[in-house]
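Let me begin by presenting the structure, written as structure tokens, before commenting on it.
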Amino acid sequence: MNDAPAPLRIGNASGFYGDRFDAVREMLTGGPLDVLTGDYLAELTMLILGRSRLKDPEKGYATTFLRQLEEGLGLAHERGVRIVTNAGGLNPAGLADAVRKLAAKVGVPVAVAHVEGDSLPVPDGFLTANAYLGGAGIAACLRAGADIVVTGRVTDAALVTGPAAAHFGWGPDDLDALAGAVVAGHVLECGTQATGGNYAFFGEHDPARLRRPGFPLAEIHADGSSVITKHDGTGGVVDLSTVTAQLLYETGGARYAGPDVTARLDTVRLTPDGPDRVRIDGVRGEAPPPTLKAGLTRLGGWRNEVVFVLTGLDIEAKARLVKDQFADALERGGARPPADVRWELARTDHPDADTEERASALLRLVVRDQDADAVGRAVSGAAVELALGSYPGFHVTAPPGKGAPYGVFEAVHVPAGEVEHTAVLPDGRRQIAQPPSMTRELAEVDEPPLPAPYPSGPTRNAPLGLIAGARSGDKGGDANVGVWVRDDDAWRWLAHELTVERFRQLLPETAQLTVVRHVLPNLRALNFTVHGLLGEGVAAQARFDPQAKAVGEWLRSRWLPIPAGLLEGIDAPEVSA
């Protein structure tokens, strides 16, 4: 007789504020679920919500969630699905009240609770300050009978660890189980990125399957192991590679720290469990660090942008001309140059092109300054005044504007004991979630032994992406690039070939930056952290790809000598030519 409790089925219906609107309905009607989560918060989102709250103190939460609930509330109630979301943003109490009003309006009896305490004193010059809470407050709300739990800034994985802890009765010392739930939560948090979205090897699958990937769900077991899958009949793909890709996304070394537990990513074991099913087990947990990460946002200054279109012949000469003219126009106008002036020429043009667009390159000007006037009319006026006296074929992609504010995200750490993590239960009682009694300072693990090198022999110069996948993202001003391969022979080569030095050679933008490599043999993966690549972070929009979303694809496109044996059977022009 098997007395083990049934798995807890947790699905996700949102990976960011603006994700697919009908995902809530899809997940509630597509198959059995116990809990539905929604992740609406990112570093940039907190700044957006902060500005929203300045205009209306009653706001500061993700209003999209309320509109999704107009239909989803009744469906969830009928099916017995509990909903846990961080859509409360900067005002979880306000969103909880709005949900109660909506429930009364549509006639659905639900018990609503919320989690607060993440809001910290805001330092001078900043707009928001919020600690990343764990899942304990969510668990308390669910144990008290909440049907819907709204939080502010919690870790993305807390949306899974909280329900799992409540369901299985885990305590703060159940570190391995909590760590397993953290890993499952990290796979779920970005929605369809776990089911074939943004996937390096998308070309290997039927395009019809990837047209509309279904959202992921995890079957969590009492020991913290899980199976990642999706509702039957939905699009997308769940396999070892799609799950590996998401595991590497925006993580760093072997220790993945959070407020509930530090999960050891170097212990994660992935195995197939049937069609569109991947089992995660073996995850070990350690005591969390004594501090919580906190995010601060502020307005960093002002920026403006002009994109000049250069068509046909003499592209480089045309770019030089407009740069010189622009600098001269600013000087003659009496305006000082903006503090930060960046030009980037993207050679999107093709010789003897059959359309004008394919014959054109883009010259992008981005200016930033603390003074709005320095990037406003002085810049747009200087650009517009060139219209009839510059390079042949002069035009821009859009009329220059007056400039706009940009934001900055900063991460700090605060002692966990100084943050009053509070669950506000459905009956209004307030319950404080105590910080873990055992903590452990975070430290890097020793690099594991590398596999034996791949045998030397003939090589072909080819793109790395023919044999390696990658996924990249942002953490403040740093970029993370995870790279993995799918068999042991390729791993033997990758582990020795893609050193920090080779990484810098392949991505020259990183040559002068600090790059740290982390080795994860269980996943046949390397994870690189590139410090400072994104300047002041995504909200500052200092870089062409401000969230580093495509840095991994840039890396995959770079050519290097690859053993001929690893390229056998690959049908690609670079190999078959």
Side-chain angles (χ1 to χ4, degrees), residues 8 35 37 41 82 84-86 88 90 92-93 96 111-121 129-146 148-186 220 222-224 255-264 283-295 411-442:
L8 181 71
V35 178
T37 66
L41 301 184
R82 301 166 105 175
V84 179
T85 179
N86 61 15
L90 301 174
V112 183
H114 74 272
V115 177
E116 60 187 33
D118 61 296
S119 182
L120 303 176
N130 297 82
Y132 287 69
L133 305 180
I138 295 170
C141 292
L142 293 171
R143 288 177 180 134
I148 296 180
V149 181
V150 171
T151 78
R153 178 73 276 186
V154 296
T155 64
D156 301 333
L159 301 177
V160 171
T161 62
H167 181 76
F168 294 114
W170 299 337
D173 296 332
D174 292 309
L175 297 177
D176 290 346
L178 287 167
V182 163
V183 171
H186 181 64
I220 311 286
D223 63 354
R255 286 191 166 105
Y256 185 55
D260 298 312
V261 64
T262 293
R264 289 291 297 261
V283 186
R284 300 299 303 275
E286 298 173 345
T291 58
L292 300 179
K293 176 183 173 181
V412 298
H413 289 83
V414 297
E418 295 181 6
V419 176
E420 197 166 272
H421 183 173
T422 305
V424 183
L425 308 181
D427 61 5
R429 288 181 297 123
R430 302 174 67 83
Q431 182 173 322
I432 305 299
Q434 298 300 323
S437 58
M438 294 180 56
T439 62
R440 176 175 179 168
E441 292 285 351
L442 197 63

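Along the sequence shown, the residues carry numbers beginning at 1.
Taking OG1 of T161 as the start and CD1 of I220 as the end, the distance is 10.0 Å to the nearest 0.5 Å. Here CD1 of I148 is found 11.0 Å from CZ of R82. Values are rounded to the nearest 0.5 Å. Put simply, CG on L175 and CE on M438 are 7.0 Å apart, with the number rounded to the nearest 0.5 Å.
Contact detail for H421 and A136: the closest heavy-atom pair is CE1-N, 4.0 Å. For T155 against P259, the heavy-atom pair with the smallest separation is CG2-CD, 3.4 Å. Across S119 and N130, no two heavy atoms sit closer than the pair CA-ND2, 3.7 Å. The shortest heavy-atom contact between G162 and A139 is O-CB, 3.4 Å. Across every non-hydrogen atom of L159 and N86, the tightest pair is CD2-N, 4.0 Å. Of all the heavy atoms in L178 and P172, the pair that sits closest is CD1-O, 4.1 Å.
Not counting sequence neighbours, the partners of E418 by the side-chain contact (heavy atoms from CB on, under 4.5 Å) test are P415. Partners of R143 according to the side-chain hydrogen bond (donor to acceptor under 3.5 Å, both in side chains) rule, which considers only residues two or more places apart in sequence or in another chain, do not exist here. Taking the salt bridge (charged side-chain N to carboxylate O under 4.0 Å, His left out) definition, one finds that R255 meets it with E286, sequence neighbours left out. Under the side-chain contact (heavy atoms from CB on, under 4.5 Å) criterion, P426 pairs with A111, A113, A144, A146, sequence neighbours left out. Residues that satisfy the ring pair (Phe, Tyr, Trp, His ring centres under 6.0 Å) test with H186, not counting sequence neighbours, are Y256. Take T85 and apply the side-chain hydrogen bond (donor to acceptor under 3.5 Å, both in side chains) test, not counting sequence neighbours, and it matches no residue. Taking P163 as the reference, L8, I10, V35, V84, I138, L142 meet the side-chain contact (heavy atoms from CB on, under 4.5 Å) condition, with sequence neighbours excluded. For Y132, there are no ring pair (Phe, Tyr, Trp, His ring centres under 6.0 Å) partners, not counting sequence neighbours. By the side-chain contact (heavy atoms from CB on, under 4.5 Å) test, A129 pairs with L120, V122, P123, L296, sequence neighbours left out. For E116, the salt bridge (charged side-chain N to carboxylate O under 4.0 Å, His left out) test picks out R430, with sequence neighbours left out.
Counting heavy atoms from C-beta outward, P290 and E441 have side chains that approach closer than 4.5 Å. P289 has its side chain within reach of T262: a pair of non-hydrogen atoms, C-beta onward, lies under 4.5 Å apart. Looking only at side-chain heavy atoms (C-beta outward), L133 and T151 stay at 4.5 Å or farther from each other.
Of the possible donor and acceptor atoms, one in the side chain of W170 sits under 3.5 Å from a partner among the backbone N and O of A222. Judged by distance alone, the side chain of D260 and the main-chain N or O of G134 form no donor-acceptor pair under 3.5 Å.
Sorted by first and then second residue, the salt bridge (Lys or Arg N to Asp or Glu O under 4.0 Å) pairs involving residues 164-180 (not counting sequence neighbours) are D176-R284. Among residues at least two apart or in separate chains, salt bridge (Lys or Arg N to Asp or Glu O under 4.0 Å) pairs with a member in residues 153-169 are R153-D156.
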